[in-house]
Amino acid sequence: MKFASSYEPNQYESDIYAAWEASSVFKPTVPTVPVDDNSDGVDDRFEHQHPTYSIVMPPPNANGNLHIGHGLTIALEDSLTRYHRLRGQSTWYIPGADHAGFETWVVYERALEQNGHTRFEFNRDELYARVWDFVAQQRGNMELQLRALGASCSWDDLTFTLDENVIDRVYTTFEKMWNDGLIYRGEKLVNFCPKHQTAFADIEVEHQDEKGTLWEVEYKLVKELENAFTEGGPEAGKPRSSAETPVASGVSDAPPEVGILSSVIVSTTRPETLFGDVAVAVNPDDKRYKDLIGKHVHLPLTDRTIPIIADEHADPEYGTGAVKITPAHDFDDFEVGERHNLPRIQVISEDGHMINVPDKYDGLTTAECRKQVLKDLKEQGLLKGEKKIVHSVAHCYKCGTVLEPTLKEQWFIDVATLAKTAIKHLENNEIKFYPASKKQVLINYLNNLKDWNISRQIPWGIAIPMFRKADPSATDEPDWIFDRRTNLQEIEKSGVKYVRDEDTFDTWFSSSHWPIVCTDWNEENPTPYYPLDVMETGADILFAWVARMIMMGLYVTGEVPFKEVYLHGLVLDAHGQKMSKSKGNVINPMDLVAKYGSDAFRLGILRGRSAGMNQAFSENSVISGRNLCNKIWNISRFVQSMVDDAPKDNALRGRSGGYARPLGREWPKANRGGEEREPRDDGRERLRSEKSIASGASARPDRTPAYATLNQGEDWICREINDCIKQVETDMKYYRFSEAVETLYQTIWDKYADWFLESQKIYKNTELLKTTLEHLLIALHPFAPFVTEAIWQNLSWTEGFIINAKWPCKLKYDPITAEQFERLMSIVQEVRGTLQALPGTNNAKKYDLLYDNDSLVEDNLLLIKSLTRVPAVTALEGNPRGLRLALANHELYLDVPEKVVKDYKDALTDKILSVGRELDALNARMMNPNYVDKAPQYLVKETEDQIKEKEQLISRLKSQLSII
RNA sequence: GGAUCCUUAGCUCAGUUGGCUAGAGCGUACGAUUCACAUUCGUAAGGUCACAGGUUCAAGCCCUGUAGGAUCCACCA
């Protein structure tokens, strides 16, 4: 196959993915129990590596499309997956699809309504079946998009959140919790969306600041009941007499600051709820109302009277300092009601109409009722004022409807012990967090966690396996029983009829089992893939998901569900703004993939990104990724052409005038793993991957390279590649994806291409070219899987797939020779810089480079000439002339006429000054006795060396100046 | 109100255990050009590391405070 002159991702990506998928390379190689890692590798980097590696995909919506956040997710997770696979671990990346309970339901219900139907025409089972079909029709895009992004996940193991084993596991947990007494049915206030007719967990509620009105309503005191204690009276007295308010006794003797009031004015934003009022609360420390506590007021527009109670909830600073208490329709009031044992009067129905109110108001909507109430209050002169305020209002995160706090009987999980256990394990550092700060954030959250409402009134979800006794008079039988037969609306047990609870689980309840169900963990057959090696997900669902997975993992398995957590932040637009449809700044990852290729997208989105941070993203970074793909493509094309052109290889050796001394050492001829591979004729499907599945062997870096280094550049590139790969390993260990990509980018581009390949144009070493290119391709593969595979398949000497190649071992090289190349580089850079700084253009072609008694330069004449483009590099004859380079230990001159040197004088003077400033700073450091005493020896030595070097440099520059 | 994070070049971001003479990509300026790549090569300019104190021989990094921004949690009668 011929290399095209530029990399065209569209020509390769889908074929490559299909070939991978067909050859089972995405499957883990160790199916059950861990094998002993007893092979003796050549590289100590692999000594303590675990034989398996597992990671699950946070399941994208089964019938949705991937957005930019998914793009980031896949880039991160797949890089980890491919990296660990290359390292020889049996790697399992488990894909998933989410039924997305509420999201999908909303979409479906909208479709239903567009066809003139409503959900109330069908029972739950019918609706479930209809949504199932609806999803089945829509499904598939998401999976194709994951493939386009290169996700190397094990497709056979895809888990859908409504799969049987998921439901089964969720029921098992629920049953256990029910038996353990962790599940209870309670009537509590829930966030209820009147449009969708379902409750939400606190975490799903969206608060928005809104303009509203704060009305002040007068509640008149009931004179005749002033001294009588009612049900609210004694309760109200308690907080005041408690030890926390020692001042209270003193205050009670003091003369009242305010005259006896005949009424209390309360502040409210929701006057229509006054029918549900059961008390008026004032702050126990509020002197204005001190004497009214325990007295009663008339509830306007009704014939009821309600007590005035003391409760900290009332803020003396806010409004009038007196607040009406409506336990059935306000979360705070509900709690006040619990504290004071107050009744709950529901006055708004689930569909938003008034109930349990005087006939006049009965059946009105809340808005109509508010109008009427305000009108009537005004007529009676009880409306004392109104203020415009801004307050935050709870909205349905899907339709934006204002949520109505509603009393409902729901299933709750008592989270106290679950949270406590989770905190214990977190504090025990059993899970490592990236970023680390999130651990404490999570602990704080768990410390304040309220009981978890798991009931949802949406048909599209996992049915709650609870049945209620049909006949309440059968008193001996339990009211509720657990049963898995949720396909039946009615069951019989011990001769008693039970009716199914029509609610479904909060999706987070089932999602919290994700690591368990994906890895197929079960009590009888624990798997080496649980706990997961890492949980990678968005920082925004730390509480909703990560916290719950930890609690549930510990409850079900006794182990934390994952060893590490990596949280990514939001992908913002190029200006740091949140992406949103309304702003029109949404970037579709698939557009970028189509335009620049999957690799470019992945490289681009990983750039400039760190754990937990919301960070900007722009097309520029993708372009830069595309450029890298093209670069490595052309590098490979060039290396291939040199390999093809092998005869020249020998001709160049032992060249005259150039590099003559054989500096390299011969390494033993390598076994390059040949026997392990099937011949190519057998087709790629049967390459190493299948063999390794059969034998269970893990890949190890057992290749000894078949090269010898023969000059400075060759030793140097070996050193640089070793450093680069070691850096990538460290970066991957600590999830520094951006730095890993950066390191590779620089090594491939600035070192391999710009220096090593340039030097190989003079001195060619095909074996080394092959080995080094392979190393770089493999190291780049986790981040740019397609281009590296496309190249691998195009190169004449590689075999199998790069996706399951072996992670590079260390290259051998001579460190002293490698260091010499650094000096050659600085010579070249100095020449280039000086030529650019000299007056005039095209200087490179004008002036020769002269050297005096310098073996390094002498050995590399051709290289220096080629890299600097000077016409000639020749030995100096006679007295020094021209412009001397400022490098230490090298007698190098640019053969520049005196006149030109004079024009260069200013630049030279500037340079002397700037080096002088650096020297002053160094000297000041050495003058400080504390520095010499306390700083580490090596630093002091380093400073001394630097001072010497600068002094020499200045004297050379000065002598240059004096010539002028 | 509480918590967490952020503030470094024109823009987007790195900077790991304090050793820094602060880096990268993009952008900018200047220069190059048959022979792997113009998606190229070379050179350069560009910084009071938000601000004010403190600790230290040494602070972008640690501590305290201030200002600005982001996110999350709670609350807003």
Side-chain angles (χ1 to χ4, degrees), chain A residues 3 5-7 202-203 207 209 212 214-215 266-270 273 281 313-315 318-326 330-333 389-393 435 437-438 440-441 444-445 448 539-540 542-543 569-570 572 574-576 578 596 600 607-610 612-618 620-621 623-624 626-642 730-731 734 736 738-739 742 745-746 753-754 757-758 761 829 832-833 835-837 841-845 867-869 914 917-918 921-922 925 928-936 938-939 942-943 946:
Chain A
F3 270 119
S5 71
S6 69
Y7 175 58
D202 298 344
I203 207 156
H207 290 274
D209 278 349
L214 188 65
W215 285 281
V266 300
S267 307
T268 180
T269 52
R270 302 199 58 192
T273 63
H313 166 62
D315 175 3
Y318 194 90
T320 60
V323 54
K324 65 195 212 52
I325 301 299
T326 322
D330 183 280
F331 288 97
D332 290 323
D333 294 1
I389 56 155
V390 172
H391 60 151
S392 107
V393 179
S437 61
K438 295 290 181 187
Q440 197 52 47
V441 174
N444 293 345
Y445 170 76
N448 298 310
D540 53 333
L542 176 65
F543 298 151
L570 287 177
L572 308 174
H575 306 289
K578 227 176 191 170
Y596 300 108
R607 277 239 156 156
R609 211 158 287 281
S610 51
M613 300 276 295
N614 298 343
Q615 280 160 322
F617 171 68
S618 74
N620 274 343
S621 60
I623 291 174
S624 149
R626 187 268 318 259
N627 293 353
L628 179 64
C629 292
N630 188 62
K631 190 72 183 178
I632 190 79
W633 178 264
N634 274 292
I635 285 170
S636 305
R637 193 155 74 98
F638 182 56
V639 169
Q640 180 67 62
S641 74
M642 298 228 272
T730 314
D731 288 340
Y734 296 109
R736 297 191 292 250
S738 182
E739 288 87 336
E742 197 68 40
Y745 195 103
Q746 279 171 24
D754 290 348
L757 285 188
E758 289 304 320
K761 286 176 180 171
Q829 281 168 332
R832 284 171 176 166
L835 288 170
Q836 286 273 345
T841 60
N842 241 341
N843 289 325
K845 287 186 167 167
L867 293 174
T868 58
R869 297 168 169 276
S914 96
R917 280 193 296 273
E918 287 166 19
L922 290 170
R925 195 181 296 171
N928 181 344
N930 284 322
Y931 175 72
V932 182
D933 280 358
K934 294 183 183 172
Y938 76 95
L939 277 173
E942 203 174 279
T943 310
Q946 283 172 350

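Per chain, numbering begins at 1; letters A, B, ... match sequence-line order.
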Practice item. Considering only atom P, compute the distance from B:rA9 to B:rG46 and round it to an integer number of Å. Key: 14 Å
Exercise for review: Write down the partner of B:rG53 under the Watson-Crick or G-U wobble criteria, each distance required to be under 3.5 Å.
Suggested key: B:rC63
Review point. Quantified in whole Å, what is the P atom distance between nucleotide B:rU4 and nucleotide B:rA52?
Key: 25 Å
Revision key, fill the gap. Side-chain atoms of A:Leu939 come closest, of B:rA36, B:rG19, B:rA3, to B:rG19
Check your understanding: How far does the C1' atom of B:rU16 sit from the matching atom of B:rA44, given to the nearest Å?
Key -> 31 Å
Practice item. For atom CZ of A:Phe543, decide whether the heavy atoms of other residues, nucleotides or ligands shown that lie under 6.0 angstrom number more than 12. Key: yes
Check your understanding: How far does the C1' atom of B:rC63 sit from the matching atom of B:rG69, given to the nearest Å?
Key -> 23 Å
Revision key, fill the gap. Taking B:rC37, B:rU21, B:rA14 as options, the one with an atom nearest any side-chain atom of A:Arg637 is B:rC37
Point to revise | A:Ser610 side-chain N/O to B:rA14 phosphate OP1/OP2 under 4.0 Å | key: yes
Practice item. Rounded to the nearest angstrom, tell me the gap between atom CZ in A:Arg609 and atom P in B:rA14. Key: 10 Å
Check your understanding: So which nucleotide does B:rU28 pair with, by the Watson-Crick or G-U wobble rule with both distances under 3.5 Å?
Key -> B:rA44
**Study point:** A:Ser624 side chain vs A:Asn620 backbone, donor-acceptor pair below 3.5 Å
**Key:** no
Review point. In the structure shown, which nucleotide is the Watson-Crick or G-U wobble counterpart of B:rU34, with both distances under 3.5 Å?
Key: none
Practice item. Look at the side chain of A:Asn930 and decide which nucleotide, out of B:rC57, B:rA36, B:rU43, has an atom nearest to it. Key: B:rC57
Revision key, fill the gap. Of the candidates B:rG25, B:rC13, B:rG42, the side chain of A:Tyr745 sits closest to B:rG25
Point to revise | Mate of B:rU39 where both pairing distances stay under 3.5 Å, Watson-Crick or G-U | key: none
Check your understanding: With respect to the side chain of A:Asn928, which nucleotide from B:rC57, B:rG42, B:rA36 is positioned closest?
Key -> B:rC57
**Study point:** For B:rC5, the Watson-Crick or wobble partner whose two distances fall under 3.5 Å
**Key:** B:rG69
Practice item. Measure from CG on A:Leu835 to P on B:rG42 and round the result to the nearest Å. Key: 15 Å
Review point. Has A:Gln615 got a side-chain N or O lying under 4.0 Å from the OP1 or OP2 atom of B:rA14?
Key: yes
Point to revise | B:rG68 and B:rA32, which share atom name C1', separated by this distance in whole Å | key: 46 Å
Review point. How far, in whole Å, is B:rU17 from B:rC6 if one measures between their P atoms?
Key: 13 Å
Exercise for review: Give a yes/no on whether any side-chain N or O of A:Lys578 is located under 4.0 angstrom from OP1 or OP2 of B:rG69.
Suggested key: no
Review point. Any idea which of B:rU43, B:rC37, B:rG15 is nearest the A:Lys631 side chain?
Key: B:rC37
Review point. Closest to the A:Arg607 side chain: B:rU16, B:rG25, B:rC73?
Key: B:rG25
Review point. Quantified in whole Å, what is the C1' atom distance between nucleotide B:rC35 and nucleotide B:rC11?
Key: 38 Å
**Study point:** Counterpart base for B:rA58, defined by Watson-Crick or G-U wobble contacts under 3.5 Å
**Key:** none
Practice item. Write down the distance between CZ (A:Arg869) and C1' (B:rG42), rounded to a whole number of angstrom. Key: 8 Å
Check your understanding: Does any nucleotide pair with B:rG18 by Watson-Crick or G-U wobble geometry, both distances under 3.5 Å, and what is it?
Key -> none
Check your understanding: Which listed nucleotide (B:rA36, B:rU4, B:rU16) is nearest to the side chain of A:Arg736?
Key -> B:rU16
Check your understanding: Can you tell me how far C1' in B:rU43 sits from the matching atom in B:rA67, rounded to whole Å?
Key -> 41 Å
Study note, to complete from the structure: With the side chain defined as heavy atoms from C-beta on, A:Ser437 is closest, among B:rC30, B:rC26, B:rC5, to B:rC5
**Study point:** Closest to side chain of A:Lys934, choosing from B:rU56, B:rU71, B:rC37
**Key:** B:rU56
Practice item. Check if the side chain of A:Gln946 and the base of B:rU21 share a donor-acceptor pair of N or O atoms closer than 3.5 Å. Key: yes
